[in-house]
Amino acid sequence: MTMFRPPDRDRPSPFRHLRFAVIFLLALVVVSVMGNRSLLHLYQMHRDQAALEREIDQVTSANAALAEEVRGLRTDPARVEAIAREELGLVKPGELVYEFRPVSPAPTPPGGSR
């Protein structure tokens with residue numbers, strides 16, 4: 001007669017190590033996807049950095065254009081005069097200014113047509 005022997009509980013089964021490995025990998029994936037230093041957070045920071053670099057380029061271009069305009073205003077008296085005439089309506093002494101106003105249509109008499 002043979003007796004049934006239960007398996008040794010002291011010896012770990014190979015599936016037990018596999019189970020711990022799977023749990024560890026799942027935990028690693030969760031930590032890498034969520035949290036302060038996650039892949040999603042790093043991706044968002046990369047997108048923000050690219051947007052800020054584009055904005056810096058735009059502001060740098062606008063700044064260069066304004067610096068060119070300032071240089072022109074400091075060195076070109078004709079440019080200053082043109083701005084004074086167009087935007088401020090200034091004239092030189094002795095010049096005559098003719099102002100043309102649009103003609104308003106004649107009011108129609110009340111009560112209908114002619």
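Residues: numbered from 1 along the sequence shown. This structure is a prediction, so every number in the text was calculated from the model and none was measured.
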Visitor: List in chain and number order the residues that pass salt bridge (charged side-chain N to carboxylate O under 4.0 Å, His left out) with Glu87, two or more places apart in sequence or in another chain; answer none if no residue qualifies.
Guide: none

Visitor: Without placing hydrogens or testing angles, list every side-chain donor-acceptor pair under 3.5 Å for residues 57-67, not counting sequence neighbours.
Guide:
unit_1: Thr60; atom_1: OG1; unit_2: Ile56; atom_2: O; d: 2.7
unit_1: Ser61; atom_1: OG; unit_2: Asp57; atom_2: O; d: 3.0

Visitor: Drop me the distance from His46's NE2 to His41's NE2, to the nearest 0.5 angstrom.
Guide: 14.0 Å

Visitor: Hey, what do you get for CG (Leu28) to CD1 (Ile23), rounding to the nearest 0.5 Å?
Guide: 13.5 Å

Visitor: Quick one: name the residues clustered hydrophobically with Val70, using the 4.5 Å side-chain heavy-atom rule over I, L, V, M, F, W, Y, and just say none if it's on its own.
Guide: none

Visitor: Let me have the donor-acceptor pairs involving side chains of residues 95-106, under 3.5 Å, with sequence neighbours excluded, atom names and distances please.
Guide:
unit_1: Glu95; atom_1: OE1; unit_2: Arg85; atom_2: NH1; d: 3.1
unit_1: Glu95; atom_1: OE1; unit_2: Arg85; atom_2: NH2; d: 3.3
unit_1: Glu95; atom_1: OE1; unit_2: Lys92; atom_2: N; d: 2.9
unit_1: Glu95; atom_1: OE2; unit_2: Arg85; atom_2: NH2; d: 2.9
unit_1: Glu99; atom_1: OE2; unit_2: Arg101; atom_2: NH2; d: 3.4

Visitor: Sequence neighbours left out, what passes salt bridge (charged side-chain N to carboxylate O under 4.0 Å, His left out) with Arg71? Give chain and number order.
Guide: Glu68

Visitor: In this structure, would Leu40 and Val30 fall into the same cluster of hydrophobic residues linked by side-chain contacts under 4.5 Å?
Guide: yes

Visitor: Apart from Leu52 itself, which Ile, Leu, Val, Met, Phe, Trp or Tyr residues share its cluster (side-chain heavy atoms under 4.5 Å, direct or through members)?
Guide: none

Visitor: Report yes if the side chains of Val80 and Asp76 come closer than 4.5 Å at any heavy-atom pair, otherwise no.
Guide: no

Visitor: Using 0.5 Å steps for rounding, measure from the CD atom of Gln49 to the CZ atom of Arg54.
Guide: 11.0 Å

Visitor: How far does OH of Tyr43 sit from CG of Asp48, to the nearest 0.5 angstrom?
Guide: 10.5 Å

